[in-house]
There are 2 protein chains.
Amino acid sequence: MQIDSFERLINEFSRLPAVGKKTAQRYAYFLLTMTDDEVKDFADAMVTAKESIHYCKICANFTDKEICDICSRQDKAPIICVVKEPKDVTALEKVREFKGSYHVLHGVINPLEGKGPNDLNIRSLLDRVKNENIEEVIVATNPDVEGEATAIYIANLLKPLGVKVTRIAQGISMGSELEFTDAMTLSKALSSRREM
Amino acid sequence: MQIDSFERLINEFSRLPAVGKKTAQRYAYFLLTMTDDEVKDFADAMVTAKESIHYCKICANFTDKEICDICSRQDKAPIICVVKEPKDVTALEKVREFKGSYHVLHGVINPLEGKGPNDLNIRSLLDRVKNENIEEVIVATNPDVEGEATAIYIANLLKPLGVKVTRIAQGISMGSELEFTDAMTLSKALSSRREM
């Protein structure tokens, strides 16, 4: 079926993460089975979300207000949790244990992708630590090479300010088995062992 | 992150086939990283495709014209290949061997889903066989219970019209191994064996 508007739709769906030609085609076929109104609603949801959602002025997480709900909390602890992306905030908020606020870097240092410290949202973190009476900064970037490098970089910037800088713990995941845990993780789990 | 427009977007993405909450969220986050214009283009592609694409007046496949490209072919063979869905036409056209036209049923008989023969695009198939000097109808519905039942139903309707009705062959797939082929397929492959 060679229909221009259909090919265009498939191309648009192919932009989505981990969506190949086949899946995009499946989505496009499905869309044609929806009613006109449903498709218009879908399209409108996309444009509306994009137009109404922007970065929080304080933490740079996504919000549809000037300052996000988390930063607006009155009783938040003087702790900032630094993460790579907005979806990391969603993951951490699910735990319902952390009572501080977040700071979204929107990336990590990645020389291969030409991403340096200046491309990240780091400067405003320093300002926040200075102005908000922050007692601790937890660096919660992913435990991979880029995440580790970024964590070290941030820690070096923050320590001179006299704030406590911590890193989320690394070790074997809950419910996993030693037999199937990779060597790197086991090594971290051993070196970070604690007394019982 | 509890943002209404974001939740709405996730819900819309969840409608897509085989897309769960997690994947929908991933798509929604990705959309926010696109530029305003890119999102508008995406949304416009959806609405435009839905508005411009409809069923071909002859075969009921998707088209943006009154009669689809395949039905408009001048030199097509007097053979109709009956399929369940438009995407089956795409699959068969990739083979580049079939020179006839198609007829899309838009479903198969499925009592569990309350779908009977009257819900399918069958009546116009009978009209086509009568009026287009069709010599053969190949029933290419899927080789599952519903597809088989639909094939038998259609064959019974067509035979009185004096047209040759055939069914696509069933057997072991090219490149597959007998060891891993299911019993039903092996049974079909045996009973449909042919002399060499």
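Each chain gets a letter, A, B and so on, in the order its sequence line appears, and its residues count up from 1.
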Measure [X] against the heavy atoms of chain A and call it side chain, backbone, both or neither at under 4.5 Å.
{"X": "B/Asp69", "result": "side chain"}
{"X": "B/Glu85", "result": "neither"}
{"X": "B/Asn11", "result": "neither"}

Exercise: identify the closest heavy-atom pair between [X] and [Y]:
{"X": "B/Ile3", "Y": "A/Phe62", "answer": "CD1-O, 3.6 Å"}
{"X": "A/Ala43", "Y": "B/Met46", "answer": "N-CE, 3.8 Å"}
{"X": "A/Ala45", "Y": "B/Glu12", "answer": "CB-CG, 3.7 Å"}
{"X": "A/Leu32", "Y": "B/Ala49", "answer": "CD2-O, 4.0 Å"}

### Task
Would you kindly confirm whether A/Val104 and B/Met34 end up in one hydrophobic cluster when ILVMFWY residues are joined by side chain heavy atoms under 4.5 Å apart?
no
### SB check B/Glu38 A/Lys50 (cutoff 4.0 Å)
no
### Task
May I ask you to check whether over 12 heavy atoms, not counting those of A/Arg8, lie within 6.0 Å of atom CZ?
yes
Just give me the residue among [options] that pairs up with chain A most often, heavy atom to heavy atom, under 4.5 Å.
{"options": "B/Val47, B/Asp4, B/Thr33", "result": "B/Val47"}
{"options": "B/Phe30, B/Phe42, B/Phe13", "result": "B/Phe42"}
{"options": "B/Lys40, B/Lys87, B/His54", "result": "B/Lys87"}
{"options": "B/Thr35, B/Asp36, B/Thr23", "result": "B/Asp36"}

### Message
Using side-chain contact (heavy atoms from CB on, under 4.5 Å), reason through B/Val19 and A/Tyr27 one step at a time and then give a plain yes or no.
### Response
CA-CA 10 Å; B/Val19 172; A/Tyr27 291 168; 3.0 Å; yes
### A/Thr48/B/Ser5 under side-chain hydrogen bond (donor to acceptor under 3.5 Å, both in side chains): CA gap, chis, key distance, verdict
CA-CA 7 Å; A/Thr48 305; B/Ser5 59; over 6 Å; no
### Largest heavy-atom contact set with chain B, pairs under 4.5 Å, which of A/Ser52, A/Pro17, A/Ala18
A/Pro17
